[in-house]
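The structure appears below as structure tokens.
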Amino acid sequence: MLSSTSRRRTSHISHRRTATVALAGVAALIAAAVQSGAASAAPAKPQAGKVNSAHVAVKLTPSQRAELIRHADAQKAATARSIGLGAKEKLVVHDVVKDADGTVHTRYERTYAGLPVLGGDLIVDTARSGATKSVIKATNASLKVADLTPAVSKASVEKQAVQRAKALGGSKSAADSVRRVIWAGSGKPVLAYETVVGGLQDDGTPNQLHVVTDAATGKKLFEYQGIKTGIGNTQYSGQVTLTTTQSGSNYTLNDGARGNHKTYNLNRGTSGTGTLFSQTNDTWGNGTTSNAATAGADAHYGAAVTWDFYKNVFGRSGIKNNGVGAYSRVHYGNAYVNAFWDDSCFCMTYGDGSGNADPLTSLDVAGHEMSHGVTANTAGLNYSGESGGLNEATSDIMGTGVEFYANNSSDVGDYLIGEKIDINGDGTPLRYMDKPSKDGASKDSWYSGIGSIDVHYSSGPANHFFYLLSEGSGTKVINGVTYNSPTADGLPVTGIGRDKALQIWYRALTTKWTSTTNYAGARTGTLAAAGELYGTTSAEYKAVQDAWAGVAVGARSGGGGGGGTSYENTSPVSIPDNGPAVTSNITVSGRSGNAPSNLSVSVDITHTWRGDLVIDLVGPSGTSYRLKNFSSSDSADNVSETYTVNASSESANGTWKLKVQDQAAQDVGTINSWKLTFP
């Protein structure tokens with residue numbers, strides 16, 4: 001969904017996503033590379049990397065993709081056993097990506113005792129030989145649920161969900177569906193209900209509220225909105241060529257060259273498909289709202305360019321990568337100021353804007369909405385919390401890519417979102433990628449509470465990261481637009497170009513991220529993607545580190561970051577529930593003398609009850625330094641802290657360890673990353 005700062009926002013719960021990406025071999029590679037890159041206070045200037053063709057995804061025909069899926073489906077039981085899943089767990093194939101070196105990235109959903117597991121998705125990377133290379137999971141928790149009989153009734157959870165939907169402006173008195181599921185999106189997996197409430201929201205947007213409720217206690221665990229809001233004589237792109245279909249004496253907006261994508265006229269309606277645009281000549285619209293086909297031409301053109309962008313830039317054939325087109329609906333409602341993607345109809349829908357004067361059918365909006373469909377069919381980022389911000393940012397990033405790709409003189413490429421549609425009524429764009437806070441609500445950088453705000457605002461750090469990675473920091477003029485992008489740490493970032501930045505983001509989206517990926521996981525995934533494409537010692541890899549540091553996610557390359565030299569480990573480590581201590585190592589070398597009396601230890605841990613955790617720094621001598629004690633009363637989520645340790649009795653060089661132990665039952669977590677900074 002595109003949404004607007006001037007209209008009512010869809011509410012989202014303030015729960016931060018706690019499950020993170022768990023990388024095996026790739027994460028270990030990243031950790032080693034980060035450490036070696038930071039080991040020298042003055043590393044050699046990295047060289048621009050040449051893309052490693054072995055790690056580029058091959059363009060699959062629909063039949064080739066279908067064959068890979070059939071093969072994965074036939075092997076899914078053996079795969080489940082090989083990666084250590086339990087007897088009650090089964091895999092459901094969702095998507096496949098194949099690299100030139102034969103590596104296949106297979107994305108699975110999971111069931112437990114026949115019930116869908118929400119937050120149980122995973123990616124298995126398989127070598128050409130058939131050997132498993134790595135597994136990326138949305139949750140590291142063991143999937144064991146003792147009791148599969150609900151203690152609360154289906155009727156009571158339906159009533160609760162309907163009341164919640166009405167509080168958000170919903171119009172229905174009954175749910176569309178209620179089903180038993182396993183909720184594994186945060187902490188210990190539990191039996192739950194997923195209730196979906198439809199109808200309309202109070203601004204006319206279709207409602208598809210998903211509410212997950214604990215089946216033992218009736219407590220709400222999670223909620224998200226399933227509707228993602230964000231020759232033609234077009235209103236925004238000038239006169240363009242459209243691919244249409246002729247049948248007898250009539251032409252229709254049916255693009256046979258792009259999966260039979262069709263464009264329909266809802267004629268102010270809010271349900272159904274509407275009427276396929278059809279006329280006796282092949283010239284559509286007049287460039288103004290006086291002709292209903294103008295908006296149809298804009299939407300049809302936007303869908304075609306977006307299809308071509310994904311096909312020619314990434315080798316992707318349609319939203320699902322199966323060669324099948326979606327469809328578009330224009331003239332939704334009356335003066336409806338929004339546009340949205342709906343997975344259930346596999347379609348984009350556009351309102352006509354305030355006073356029905358500015359249809360939301362501009363090029364970047366079309367790319368934005370269709371990209372929600374791509375995200376739904378790849379990482380499936382939950383539309384709430386930090387993963388929801390990443391979902392929205394992905395659509396902004398790809399929508400921007402579409403606009404630049406089109407190279408249309410009437411709508412030139414820029415890093416502004418929705419600049420053509422005047423959604424604010426004052427000529428300003430909806431969002432700014434170089435400095436997101438210029439819209440008055442979006443955030444420039446990550447902070448610990450960002451998962452609690454609306455996903456259209458929490459997308460800011462990711463949009464800002466993409467701009468920094470593409471263009472770098474500071475003042476510059478691009479296609480006539482002046483930008484001035486700051487950084488969180490006040491240090492400069494050198495861009496690598498938009499084309500490389502897009503490739504890195506897309507590879508992370510399609511092969512590294514899961515439904516629960518947060519900002520720390522996004523950093524890990526993009527570093528993995530950059531390492532595979534360009535090498536872990538390349539300028540591109542280091543630029544990814546620096547651009548994330550520029551939005552306060554992780555450390556700079558080479559230990560830069562406001563004074564001192566940093567050493568970091570970004571390899572995730574699972575923290576077992578009420579189990580033995582786990583450690584994460586950093587090896588420091590090339591320093592002289594002892595460690596300082598003010599050694600900085602920065603810790604990023606996700607956990608649903610942080611009071612359970614005891615955290616120590618273990619020096620090279622084996623001496624432990626307590627960072628955090630157990631506290632039965634500290635029920636807050638996560639540990640994102642920087643501690644100062646007097647480590648002057650320790651040799652600076654050697655292996656340092658972060659030791660973490662969970663000392664109470666019912667919650668699990670992950671060490672996402674940690675770093676040492678020597679002043």
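None of the values given here were measured: they were computed from a predicted structure. Excluded from the calculations below are hydrogen atoms, water molecules and symmetry mates; all remaining heavy atoms, backbone and side chain alike, are included.
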Looking only at the side chains, is there a donor atom on one of Glu392 and Tyr457 sitting less than 3.5 Å from an acceptor on the other?
no
CG/Leu60 to CG/Asn322 distance, rounded to the nearest 0.5 angstrom?
11.5 Å
Could you walk me through whether Asp95 and Lys320 pass the salt bridge (Lys or Arg N to Asp or Glu O under 4.0 Å) check?
CA-CA 9 Å; Asp95 193 21; Lys320 288 187 175 181; over 6 Å; no
dist Arg431:CZ -> His456:NE2 (nearest 0.5 Å) comes out at 6.0 Å
Can you label the angle between the Tyr224 ring and the Phe222 ring as parallel, tilted or perpendicular, going by 30° and 60°?
tilted
Determine whether a donor-acceptor pair (N or O, by modelled atom type, separation under 3.5 Å) exists between the side chain of Gln163 and the backbone of Gln160.
no
Would you say Thr517's side chain and Thr514's backbone share a donor-acceptor pair under 3.5 angstrom?
yes
Taking atom types as modelled, is there a side-chain donor on His464 or Asp434 under 3.5 Å from an acceptor on the other?
no
Taking everything shown except Lys438 itself, do over 12 heavy atoms lie less than 6.0 Å from its NZ?
yes
For Tyr251 together with Trp284, are the ring centres under 6.0 Å from each other?
no
Check against ring-ring contact (aromatic ring centres under 6.0 Å, His included), Tyr483 and Tyr467
CA-CA 10 Å; Tyr483 303 95; Tyr467 176 87; 5.5 Å; yes
Checking Thr252 against Asn254: is there a side-chain donor and acceptor pair closer than 3.5 Å?
no
Just checking, is any N or O donor in the side chain of Ser384 or Asn382 under 3.5 Å from an acceptor N or O on the other one?
no
Indicate whether the side chain of Ser290 and that of Asn286 have a donor and an acceptor atom separated by less than 3.5 Å.
yes
Any side-chain donor-acceptor pair under 3.5 Å between Thr244 and Asp282?
yes
Please determine whether side chain to side chain contact (heavy atoms under 4.5 Å, CB included) holds for the pair Asn250 and Gln279, giving the CA-CA distance in whole Å, both sets of side-chain angles, and the decisive distance to 0.1 Å.
CA-CA 5 Å; Asn250 279 355; Gln279 58 189 44; over 6 Å; no
We want to know whether Arg329 and Thr273 form a side-chain donor-acceptor pair, criterion being a heavy-atom distance below 3.5 angstrom.
no
Salt bridge flag under 4.0 Å for residues Arg164 and Glu223
yes
Apply side chain to side chain contact (heavy atoms under 4.5 Å, CB included) to the pair Glu419 and Glu403, showing each step before the final yes or no.
CA-CA 11 Å; Glu419 73 281 358; Glu403 191 175 80; 2.9 Å; yes
Just checking, is any N or O donor in the side chain of Asn463 or Asp396 under 3.5 Å from an acceptor N or O on the other one?
yes
Are more than 12 heavy atoms, taken from residues, nucleotides or ligands other than Lys172, located less than 6.0 Å from that residue's NZ atom?
yes
Can you check whether Gly199's main-chain N or O pairs, donor with acceptor, with Gln208's side chain at less than 3.5 Å?
no
Would you please test Asn267 and His331 for side-chain hydrogen bond (donor to acceptor under 3.5 Å, both in side chains) and show each step?
CA-CA 5 Å; Asn267 195 28; His331 302 307; over 6 Å; no
Any donor-acceptor pair under 3.5 Å linking the side-chain atoms of Ser515 with those of Asp121?
yes
Keeping the roles fixed (side chain from Thr106, backbone from Val96), state whether a donor-acceptor pair exists under 3.5 Å.
no
From CA spacing to verdict: side chain to side chain contact (heavy atoms under 4.5 Å, CB included), Leu209, Lys166
CA-CA 10 Å; Leu209 184 69; Lys166 286 184 176 179; over 6 Å; no
For a ring-ring contact (aromatic ring centres under 6.0 Å, His included) check, start with the C-alpha distance between Phe309 and Phe314, then their side-chain angles and the critical distance, and finish with the verdict.
CA-CA 8 Å; Phe309 165 75; Phe314 306 120; 5.4 Å; yes
Presence of salt bridge, Lys420 and Asp298, under 4.0 angstrom
no
Arg507 vs Asp99, test: salt bridge (Lys or Arg N to Asp or Glu O under 4.0 Å). Steps then yes/no.
CA-CA 11 Å; Arg507 185 165 180 82; Asp99 291 349; 2.6 Å; yes
For Thr526 and Trp505, which I'm curious about, is there any donor-acceptor pair between the side chains at under 3.5 Å?
no
Test side-chain hydrogen bond (donor to acceptor under 3.5 Å, both in side chains) applied to Ser237 and Asp411, step by step:
CA-CA 6 Å; Ser237 298; Asp411 187 2; 4.6 Å; no
Exactly one of Arg498, Lys500, Lys476 clears salt bridge (Lys or Arg N to Asp or Glu O under 4.0 Å) with Glu471, and that residue is Arg498
Would Tyr327 and Tyr264 count as a ring-ring contact (aromatic ring centres under 6.0 Å, His included) here? Give the steps.
CA-CA 8 Å; Tyr327 66 88; Tyr264 295 89; 5.5 Å; yes
Under 3.5 Å, side chain of Asn424 to main-chain N/O of Asp426, donor-acceptor pair present?
no
Are side-chain N/O atoms of Thr263 and His300 paired as donor and acceptor at under 3.5 Å?
yes
Would you say Asn408 and Tyr301 are linked by a side-chain donor-acceptor pair, where the criterion is simply a distance under 3.5 Å?
yes
Distance check, rounded to the nearest 0.5 Å: Asp358 atom CG versus Thr361 atom OG1?
9.5 Å
Audit row: Tyr332, Phe340, ring-ring contact (aromatic ring centres under 6.0 Å, His included) steps and yes/no
CA-CA 10 Å; Tyr332 174 90; Phe340 57 89; 5.3 Å; yes
Will you find, in the side chains of Thr349 and Tyr336, an N or O donor that is under 3.5 Å from an N or O acceptor?
no
Is Asn312 reaching over with its side chain to a backbone N or O of Asp308, donor-acceptor style, under 3.5 angstrom?
yes
CD1 on Ile421 to CG on Leu360, rounded to 0.5 Å
4.0 Å
About how many Å separate OG of Ser458 and CG of Leu390, when rounded to the nearest 0.5 Å?
7.5 Å
Apply side-chain hydrogen bond (donor to acceptor under 3.5 Å, both in side chains) to residues Ser371 and Tyr310 and explain how you reach the verdict.
CA-CA 9 Å; Ser371 293; Tyr310 275 103; 2.6 Å; yes
Using a 3.5 Å distance criterion without hydrogens, assess whether the side chain of Gln235 forms a donor-acceptor pair with backbone atoms of Gly287.
no
Can you check side chain to side chain contact (heavy atoms under 4.5 Å, CB included) on Val402 and Asp364, steps first, answer last?
CA-CA 6 Å; Val402 167; Asp364 56 354; over 6 Å; no
Relative to each other, are the rings of Trp548 and Phe465 parallel, tilted or perpendicular (30° and 60° limits)?
parallel
Whether the Ser442 and Asp439 side chains hold a donor-acceptor pair (N or O, under 3.5 Å, no angle test) is what I'd like checked.
yes
Please lay out, stage by stage, how Gln225 and His210 fare under the test side-chain hydrogen bond (donor to acceptor under 3.5 Å, both in side chains).
CA-CA 6 Å; Gln225 180 57 250; His210 294 243; over 6 Å; no
Check Lys262 with Asp255, please: is the shortest side-chain N to carboxylate O separation under 4.0 Å?
no
